[in-house]
Amino acid sequence: CPLMYGQPLDKVVVAGQSVTLPCVIVGYRGMVQWTKDGLALGGERDLPGWARYSLLGDPASGEHSLVIESAELGDDAVYECQATQAGLRSHRAKLTVLVPPSDPIVEGGPVVRLKAHTPHNLTCRASGAKPAAEITWYRDGEVMHSAIYSKSLMEDGKRETAVSLLPMVPEDRDSGRTYTCRVLNPAAPAGRQTSVTINVQHPPSVTLSVQPQTVMEGAKVLFICSASANPEITGYRWSKGGIPISEANGDSLEVTVDHSYFTDPVSCEVSNSVGSTNVSTLVDVQFGPRLLSEPKPLTVDTGMDAAFTCAWTGNPPLTLAWTKQGSSVVLSNGNTLQLKAVTQEDAGTYTCKAIVPRIGVAERDVTLTVNGPPIITADATQQAVKHSKGKLECLVGSSPPPDKIMWTFGDMNLSSGSSGRFSVQTVNSDRGVVSSLILSETLAQDFQMRYNCTAWNRFGTGTVLVTLKEQGGISSTAIVSSAKLIAPFLHIQTTCALATIIYTYLISTLIVQFRDVRVLRLLFSDQYSTFS
């Protein structure tokens, strides 16, 4: 019965060293193979395709040890010896390959030039190690304990890069000192190190002031740039908001300020042979509201949320107030006005007002349109003169515009065109869509009916009821009486032409107001002889 006598165990080697993983199988003459991370290496003793791999020992004695020459990082894996025909497998053995770190690199070396009094991190980097290198800093041979250590996995997923940052604020006394970065790991226990020398230099030290500090927009101010340096100052450069001021080249600058000096800093950059120092300052310019972000009109459906945003700037700090046109109620004091689950009543014009105390006020209007069912307005009672032309109107002022408007009265439905004495006209106006039901001649029964104006859009319907009331006018009896009073005088000292004009006027008035044939007959029978 075959027996796995010698089995491989976990091993740790340094890259470049050779390693042997034992495997002895007693009482077995079949094929033996090794696997690496589950991949079969083959059944031949010389393992073709694996130049540094071979099987060691006498196969007749059951010796099938795996030899790996000059171990590399790629050999870092789990290995297993298998007697395939006997179904035997060895213990899985983990081969760990250690890799020493590369020589440490200190950024900026071998001479690190630093600005005095400017915080800096000396950075040492050790790459390609497995496991990650430990890093220790020394200053003139003295261990520094304030370093910040970190490590990260490299792309191969096995080696690591270690980084150590040594925070420092260089002073004059640090110039000429030696800082050493020493790295080590189990593959390089003796360690490796790199040293650098610190060279502390002095760019100009600059102070920038402005006189006066607080001014109204349009006033003059003086900027003064005071500097000291070693070596001596070689030049001044002025800029505002990052844009150079070409005409300024000395240690002072006089300007007339506007609102931009409140947000765009004025900078003075002073240089010497070592470097330059740039110092900036703002002016406390007081100015009225200036719009930064215009509110955008919105169209939303009923039930949705709506939000308007407007941004202002001003100095002293401004106050914002949102109101709706027609109301003095403040809805918000922030840049954003939030309206939750809007209704059609929320539609309208909103005002974003900015107030800078003692300086000024400004505002912007923005419109909210709320899509919903048609909203119809009309006078509940409308008037017309009997036997004359009449008109009923309704206004559909909602969004979106109506797809259809229909008048319903008696047994008639009319949305456009004409039917008998009735016709419908539709006109777009700045308030919405006006629908008019026109009666070419009003009759008594028209004043007894109820008229329904109904509109449809994709959100639903709206409707309103209107009644037609007879409008008061001059009665036929009054007109006849007037005619009888005037008629006798028409022939006295009056030409036939003038009499005819007056008589025609009376007749036309009767026709327009009453269309009463009986009245006309009465006039003709009683008074026509007067005009003869």
Side-chain angles (χ1 to χ4, degrees), residues 289-314 317-357 360-382 392-408 413 415-416 424 426-436 450-467:
R290 299 186 68 86
L291 187 65
L292 299 178
S293 176
E294 185 100 22
K296 303 292 190 303
L298 288 176
T299 299
V300 298
D301 293 346
T302 300
M304 294 179 60
D305 295 344
F308 293 112
T309 299
C310 78
W312 298 83
T313 183
L318 54 78
T319 300
L320 280 179
W322 282 93
T323 57
K324 186 180 181 186
Q325 204 168 83
S327 171
S328 60
V329 176
V330 175
L331 304 175
S332 172
N333 291 115
N335 288 342
T336 299
L337 171 63
Q338 294 278 0
L339 300 173
K340 298 291 187 181
V342 298
T343 65
Q344 288 172 288
E345 287 73 20
D346 294 318
T349 300
Y350 291 81
T351 300
C352 177
K353 178 183 289 185
I355 304 168
V356 177
V361 177
E363 61 185 38
R364 281 291 187 278
D365 291 339
V366 65
T367 302
L368 174 64
T369 302
V370 180
N371 291 328
I375 297 177
I376 307 177
T377 57
D379 292 335
T381 302
Q382 302 182 28
L392 297 168
E393 287 185 342
C394 68
L395 171 66
V396 184
S398 54
S399 176
D403 299 319
K404 182 181 180 181
I405 303 175
M406 177 176 288
W407 287 90
T408 303
N413 296 319
S415 59
S416 61
V424 171
T426 302
V427 178
N428 292 320
S429 72
D430 56 353
R431 297 185 301 142
V433 180
V434 178
S435 179
S436 301
R450 294 165 66 87
Y451 299 83
N452 189 322
C453 175
T454 303
W456 290 263
N457 66 12
R458 61 187 174 90
F459 289 91
T461 62
T463 187
V464 67
L465 288 174
V466 179
T467 59

Just how far is it from atom [atom1] of [X] to atom [atom2] of [Y], taken to the nearest 0.5 Å?
X      : Y      : atom1 : atom2 : result
Thr381 : Leu465 : OG1   : CG    : 11.0 Å
Leu320 : Leu337 : CG    : CG    : 11.0 Å
Ser293 : Arg364 : OG    : CZ    : 11.0 Å
Leu331 : Cys352 : CG    : SG    : 11.5 Å

Nearest atoms (heavy-atom pairs only) where [X] meets [Y]:
X      : Y      : result
Ala378 : Val464 : CB-CG1, 4.1 Å
Thr461 : Pro373 : O-CB, 4.0 Å
Trp456 : Met406 : CZ3-CB, 3.7 Å
Ser429 : Leu395 : OG-CD1, 4.4 Å
Trp312 : Leu318 : CB-CD2, 3.5 Å
Ala306 : Leu368 : CB-CD1, 4.0 Å

**Message:** Would Arg458 and Asp301 count as a side chain to side chain contact (heavy atoms under 4.5 Å, CB included) here? Give the steps.
**Reply:** CA-CA 11 Å; Arg458 61 187 174 90; Asp301 293 346; 4.2 Å; yes

Main chain of [Y], side chain of [X]: is a donor-acceptor contact present, judged purely on distance under 3.5 Å?
X      : Y      : result
Lys324 : Ala347 : yes
Thr351 : Lys353 : no
Asn333 : Ala321 : no
Ser398 : Ile375 : yes
Glu393 : Val434 : no
Asn457 : Asp403 : no
Gln382 : Val466 : no
Thr302 : Asn371 : yes
Lys296 : Glu294 : yes

**Request:** Carefully, step by step, assess Ser332 and Phe308 under the rule side chain to side chain contact (heavy atoms under 4.5 Å, CB included).
**Result:** CA-CA 11 Å; Ser332 172; Phe308 293 112; over 6 Å; no

**Request:** Please test Cys394 against Tyr451 for side chain to side chain contact (heavy atoms under 4.5 Å, CB included), starting from the C-alpha separation and ending with a verdict.
**Result:** CA-CA 11 Å; Cys394 68; Tyr451 299 83; over 6 Å; no

**Asked** What do the steps show when you test Ser415 against Val424 for side chain to side chain contact (heavy atoms under 4.5 Å, CB included), and what is the final call?
**Response** CA-CA 6 Å; Ser415 59; Val424 171; 6.0 Å; no

**Prompt:** Does a donor on one side chain sit under 3.5 Å from an acceptor on the other, for Asn335 and Thr309?
**Reply:**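 Judged by distance alone, the side chains do not pair up.
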
**Prompt:** Does Cys453 reach the side chain of Ile405, with side-chain heavy atoms less than 4.5 Å apart?
**Reply:** yes

**Request:** Measure the shortest side-chain to side-chain distance between Tyr350 and Leu298 over non-hydrogen atoms and say whether it is less than 4.5 angstrom.
**Result:** no

